[in-house]
Chemist: 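Before I ask anything, let me first share the structure, which is written out below as structure tokens.
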Number of protein chains: 2
Amino acid sequence: MIVAEGHRQIGEVGFARFSAREVAKRVGYSIGTIYNVFGSYDQLILAINGRTLDLWLAALERRLDGASENRLAAAIDAYFSFAIGHRHAWAALYDFRLPEGEPIPEYYQAKVTAITEVVVREIAAAIPPAHRTKAPALARSLLATVHGHCFFTLNGTFRLLGEADPLAAALDRVNDALARYR
Amino acid sequence: MIVAEGHRQIGEVGFARFSAREVAKRVGYSIGTIYNVFGSYDQLILAINGRTLDLWLAALERRLDGASENRLAAAIDAYFSFAIGHRHAWAALYDFRLPEGEPIPEYYQAKVTAITEVVVREIAAAIPPAHRTKAPALARSLLATVHGHCFFTLNGTFRLLGEADPLAAALDRVNDALARYR
DNA sequence: CCACACAATTGAACGTCGTTCAATATATTA
DNA sequence: TAATATATTGAACGACGTTCAATTGTGTGG
């Protein structure tokens, strides 16, 4: 419940204007209780970002369920759609960084891995069987590729540079890579 | 001088721990003077990030000056080298966002464009003359591609996913794209 | 039903932050 | 020098993350 309200708040005002005190006010608890439950501001943010990852994975899987042809294009579109539809929550995933040395909790790593594994599966299905072993590395790289396009879309860089169709550009790059294995 | 010290501070402690008051203390002025000069915290950050962009462009051009073959590989390597060598300052370029609606100052836009133009030039030189008109769009997209790889390198995503050579992966993706024009 | 132990919850207090602005100091001009 | 313009100051304000002694709530054994 605290996490849900935190997620709502970060979706409304963004990471920079997010505040643990405001979450406490909204859920009707005192600031002290928030700290008893999460331990610190950073852990609270991690919990909220974890919820964003859950929703992202769910949206991705929902989209892929109803897709037979062009599954990769559907996945990329779902990636963009979620980021654009939840701009602030999505941006918070990358605006926030743990202090140096602090390890990322395993529960959080697992969520990132889960999303990646969906992509690995789709990439593996999109290339000839002989190249299947390269799917994980290719998936990582194409994830970074799509991420870069998505990031430049949301932070204004693409608008500044006159890019009108970032989604198409991302899809082009993915197809460029896949063309090498055909 | 204020900007230089701010850049130094952000390079040391990162965007999250940066403070205008600390800059004031370090340069020997009061906090009020910082605000008289820059108007707001956001404008101060923009000035500091602008300096980072200046240094980045300079490093890129320096590298390309001494390269004849593999100029694109040199540019990508310079991109990564700067980001890794100035992790906090580089990350601050993307951690910071102006409030919604606030326009990015022209002086700042010009710095972003200047870096992009170097890339456009190199891409144009790397593809057959018949495709030159596509160089700007391709350059934007490949910038996003390299950015994504660089970002995942520095924020720990690639380490989490087991990617051992992100620079090589980025170069692969760029070559995948260029292969389409040969 | 009471007394006691344990857990949950509170919010005042602290130091720091961005921000403002009347007061003060310094420089320039007449 | 006197008057004007410009630069600089730092106390004050509200909000933030964080802590922790005090308080309230819950349950259990007698």
Side-chain angles (χ1 to χ4, degrees), chain A residues 1-52 88-89 91-105 108, chain B residues 1-52 88-89 91-105 108:
Chain A
M1 168 207 185
I2 293 174
V3 172
E5 189 57 44
H7 183 269
R8 188 166 305 119
Q9 197 197 316
I10 227 170
E12 288 168 7
V13 304
F15 176 70
R17 300 199 198 288
F18 174 86
S19 119
R21 284 183 124 101
E22 178 64 23
V23 171
K25 206 175 296 178
R26 289 213 211 178
V27 296
Y29 281 88
S30 75
I31 177 64
T33 294
I34 303 291
Y35 272 77
N36 289 338
V37 174
F38 293 95
S40 72
Y41 177 84
D42 287 2
Q43 299 299 321
L44 171 58
I45 295 288
L46 273 178
I48 292 169
N49 281 351
R51 166 169 253 253
T52 303
H88 288 137
L93 295 175
Y94 305 101
D95 287 343
F96 173 72
R97 259 183 292 284
L98 252 2
E100 315 213 31
E102 288 267 316
I104 302 167
Y108 190 90
Chain B
M1 167 209 187
I2 294 174
V3 172
E5 189 58 43
H7 183 268
R8 187 167 304 120
Q9 198 199 314
I10 227 169
E12 287 168 8
V13 303
F15 177 69
R17 300 200 197 287
F18 174 86
S19 116
R21 285 181 124 100
E22 179 64 24
V23 172
K25 206 176 295 178
R26 289 214 210 177
V27 297
Y29 281 87
S30 75
I31 177 62
T33 295
I34 304 291
Y35 272 78
N36 289 336
V37 174
F38 293 95
S40 73
Y41 177 84
D42 287 1
Q43 299 299 319
L44 170 60
I45 295 288
L46 273 177
I48 292 168
N49 281 352
R51 169 169 250 253
T52 303
H88 287 139
L93 295 175
Y94 305 102
D95 287 343
F96 173 72
R97 261 182 292 287
L98 251 1
E100 316 213 32
E102 289 267 315
I104 301 165
Y108 190 89

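Sequence lines set the chain letters: A, B, ... in the order given, protein chains first and strands last, and positions in each chain run from 1.
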Chemist: I need the CD-P distance between B/E22 and C/dG15, as an integer number of Å.
Modeler: 17 Å

Chemist: In terms of side-chain geometry, is the basic nitrogen of A/E22 or A/R26 positioned less than 4.0 Å from the acidic oxygen of its partner?
Modeler: yes

Chemist: Measure CG/B/D42 against P/C/dC17 and give the value in whole Å, please.
Modeler: 17 Å

Chemist: From D/dT18, D/dT9, C/dT19, pick the nucleotide closest to the side chain of B/Y29?
Modeler: D/dT9

Chemist: Side chain of A/N36, heavy atoms from C-beta onward: which of C/dT9, D/dT9, D/dT18 has the nearest atom to it?
Modeler: C/dT9

Chemist: Nearest to the B/T33 side chain among D/dT18, D/dT9, D/dA12, which nucleotide is it?
Modeler: D/dT9

Chemist: Is there a side-chain contact between A/H88 and A/I10 (heavy atoms, below 4.5 Å)?
Modeler: no

Chemist: Rounded to the nearest angstrom, tell me the gap between atom CD1 in B/I2 and atom C1' in D/dT8.
Modeler: 11 Å

Chemist: Report the distance from atom CZ of A/F15 to atom P of D/dC16, rounded to the nearest whole Å.
Modeler: 14 Å

Chemist: Regarding B/S19, tell me which of base, sugar-phosphate or nothing describes its non-hydrogen contacts under 4.0 Å with the strands shown.
Modeler: sugar-phosphate

Chemist: Just by distance, do the side chain of A/Q9 and the backbone of A/V23 share a donor-acceptor pair under 3.5 Å?
Modeler: yes

Chemist: Just the rounded figure in Å: distance from P of C/dC17 to OH of A/Y41.
Modeler: 16 Å

Chemist: Measure from CZ on B/R17 to P on C/dG18 and round the result to the nearest Å.
Modeler: 14 Å

Chemist: Is a donor on one side and an acceptor on the other found under 3.5 Å between the side chain of B/N49 and the backbone of B/A92?
Modeler: yes

Chemist: Round to the nearest Å and state the distance from A/I45 atom CD1 to D/dT18 atom P.
Modeler: 10 Å

Chemist: By nearest heavy atom, map A/G32 and A/K25 onto DNA chain D; which one lands nearer the 5' end?
Modeler: A/K25

Chemist: Should the heavy atoms of other residues, nucleotides or ligands under 6.0 Å from OH of A/Y29 be counted, would the total exceed 12?
Modeler: no

Chemist: Let me know, please, whether A/R21 or B/G28 comes out on the 5' side of the other along DNA chain D by nearest nucleotide.
Modeler: B/G28

Chemist: Using atom CD1 of A/I31 as one end and atom C1' of C/dT9 as the other, report the distance to the nearest whole Å.
Modeler: 13 Å

Chemist: Contact class for A/Y35 vs. all strands (heavy atom < 4.0 Å): base, sugar-phosphate, or nothing?
Modeler: base

